[in-house]
Amino acid sequence: MLMAAATFNSLTLPFSKPEFPFSSIARTHIPTATLNLSRFRPTGFLLCSLSSDHPTTAAGGQLHHKTNTNSTDPQPQIHTCTWNWKGYSIRYQCSGSSGPALVLVHGFGANSNHWRKNIPVLAKSHRVYAIDLIGYGYSDKPNPREVGDSLYTFETWGSQLNDFCSSVVKDKAFFICNSIGGLVGLQAAVAKPEICRGLFLLNISLRMLHVKKQPWFGRPFIASFQSLLRNTAVGKLFFGSVATPESVRSILCQCYHDTSQVTEELVQIILHPGLEPGAVDVFLEFICYSGGPLPEELLPQVECPVLIAWGDKDPWESIELGRAYGDFDTVEDFVVLPNVGHCPQDEAPHLVNPLVESFVSRHSKSPANASTTI
């Protein structure tokens, strides 16, 4: 999401329904006047240490968690836990004790902390889970050269998401996704439609470097460049140059339209997991991933309702190209978020959180989508 988009932005090639929040289905644009940033006050975020002091067992995985018990905190408590998935340690956060289940899925280069302004708000009336995909955040980062080239794919992450719902959430869930997380949510919903109740996609990755979107004469150049990064010391040298506070801040200021939201806290949220062992190999593996599914291939196969919202100042994923996704029958609306960049959930949570709540409320009332233990 973050570093990969900045890396290849110069190589990308040009190509190109729910209410907000309560009206009948129509193409929607949020008036710029609603973007009064002075009204926004970030909610509290409590990060608990990973711990195995109080283990509990869930089908298909071992859970370890530690909870903050500060009773004076007005926000719902946030628990940070680990889940054993196929022998790998997966970190996730959860909050809330009632209501529909939501699973928040981050983008490339990010982790569940990127939802820190959404979890406490949504947890007031939902059961909220935010997961670190394998290879990212504080989940394990197995070396792709040792476990096979097929590990870091949307099929793998989609399977991880579905298994998480079965083993940890133990219920159907709404998937709330940003950037490449949108491909993960789509893949999961297509693979096991009985699990996903609805998809809320924020600035989904267009995957402009996918082999199918490149002209024949450009493919050898891109493939050679990716091979250079992946198979020589050049890739690790490049990663070392971007995995610094200064570079991360610069990249974030590219994708956030309101750069005042690029705080030192955010820089560390993105940077710190990237300094862990194995992170460089995952980074290089993904930026060389030119296959797999495209959003336009998955959207027609989805059986659940889909809402797409898009920050119109995204410099990496063009809203003019993204609008085409609103024309799919499975997409009930395409909502424009004015003066917002690539990560609306963090840059403009005062716009995103009400949209999520409205979407989930609307589709939780249908008997066909009633909560069912899986």
Side-chain angles (χ1 to χ4, degrees), residues 1-16 104-111 114-115 131-137 152-158 160-161 175-190 199-214 222 226 251-252 254-256 270 282-302 306-326 328 330-331 334-337 340-347 352:
M1 185 260 307
L2 298 173
M3 289 185 284
T7 302
F8 290 111
N9 191 46
S10 61
L11 295 178
T12 56
L13 303 174
F15 293 89
S16 193
L104 316 183
V105 188
H106 62 79
F108 178 73
N111 57 80
H114 210 192
W115 300 95
I131 190 170
D132 286 3
L133 298 173
I134 188 168
Y136 295 107
Y152 298 113
T153 67
F154 292 111
E155 288 80 5
T156 296
W157 289 316
Q160 178 189 353
L161 189 55
F175 299 157
I176 317 300
C177 315
N178 176 227
S179 191
I180 69 158
L183 272 296
V184 176
L186 283 169
Q187 180 65 52
V190 169
L199 280 162
F200 187 102
L201 307 177
L202 290 158
N203 290 59
I204 187 172
S205 172
L206 297 166
R207 301 209 66 201
M208 297 302 290
L209 285 176
H210 194 286
V211 65
K212 293 180 180 179
K213 293 191 174 181
Q214 301 306 316
I222 292 176
Q226 290 173 327
I251 293 168
L252 288 166
Q254 289 180 34
C255 70
Y256 279 58
I270 300 300
V282 177
F283 171 84
L284 295 174
E285 186 71 13
F286 185 78
I287 63 177
C288 296
Y289 178 38
S290 296
L294 291 166
E296 53 265 39
E297 295 171 340
L298 294 174
L299 277 168
Q301 303 178 57
V302 172
V306 179
L307 172 63
I308 299 177
W310 213 285
D312 68 348
K313 301 301 184 183
D314 188 336
W316 299 336
E317 308 292 354
S318 166
I319 189 171
E320 296 310 316
L321 300 181
R323 287 180 191 276
Y325 295 148
F328 284 88
T330 52
V331 178
F334 185 97
V335 179
V336 176
L337 304 174
V340 179
H342 184 64
C343 308
Q345 78 279 10
D346 188 61
E347 184 179 347
V352 171

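Values in this document were obtained by computation on a predicted structure and should not be read as measured data. All heavy atoms count here, side chains included; hydrogens, waters and symmetry mates do not.
A heavy-atom distance below 4.5 Å is found between the side chains of L133 and Q160. At least one side-chain heavy atom of L206 sits under 4.5 Å from a side-chain heavy atom of Y325. Between F154 and R207, some side-chain heavy-atom pair lies under the 4.5 Å cut-off. Side-chain atoms of W316 and N203, non-hydrogen and from C-beta on, never get closer than 4.5 Å to each other. Annotation: side chain of Y256 is not in contact with side chain of D314 (no heavy-atom distance under 4.5 Å). Between N178 and W115, some side-chain heavy-atom pair lies under the 4.5 Å cut-off. Between C255 and E347 there is no side-chain heavy-atom pair separated by less than 4.5 Å. At least one side-chain heavy atom of F175 sits less than 4.5 Å from a side-chain heavy atom of L161.
Taking all atoms of both residues into account, the shortest heavy-atom contact from H114 to C343 is CE1-SG, 3.6 Å. The two residues S205 and P295 make their nearest non-hydrogen contact at O-CG, 3.3 Å. The minimum heavy-atom distance between G158 and Q187, with the atom names listed, is CA-CG, 4.3 Å. Heavy atoms only, all atoms of each residue included: G182 and L201 are closest at CA-CD2, 3.8 Å. Of all heavy-atom pairs between G311 and P344, the closest is N-CG, 4.1 Å.
Side chain of E297 to backbone of L294: a donor-acceptor contact under 3.5 angstrom is found. With hydrogens and angles disregarded, a donor-acceptor distance shorter than 3.5 Å links the side chain of W310 to the backbone of E317. Between the side chain of R323 and the main chain of S318, no donor-acceptor pair closer than 3.5 Å is present. At distances below 3.5 Å, at least one donor-acceptor pair connects side-chain atoms of T330 with backbone N or O atoms of L299.
Remark: V282 pairs with Y136, K141, Y152 by the side-chain contact (heavy atoms from CB on, under 4.5 Å) rule, at least two apart or across chains. Residues passing the side-chain contact (heavy atoms from CB on, under 4.5 Å) test with V302 are L186, V190, L199, C304, V306, sequence neighbours excluded. Judged as a side-chain contact (heavy atoms from CB on, under 4.5 Å), and not counting sequence neighbours, the contacts of A309 are F200, L202, V335, L337, L355.
To the nearest 0.5 Å, atom NE2 of residue H106 and atom CD1 of residue I180 are 7.5 Å apart.
Judged by distance alone, the side chains of D132 and N111 never bring a donor and an acceptor atom under 3.5 Å apart.
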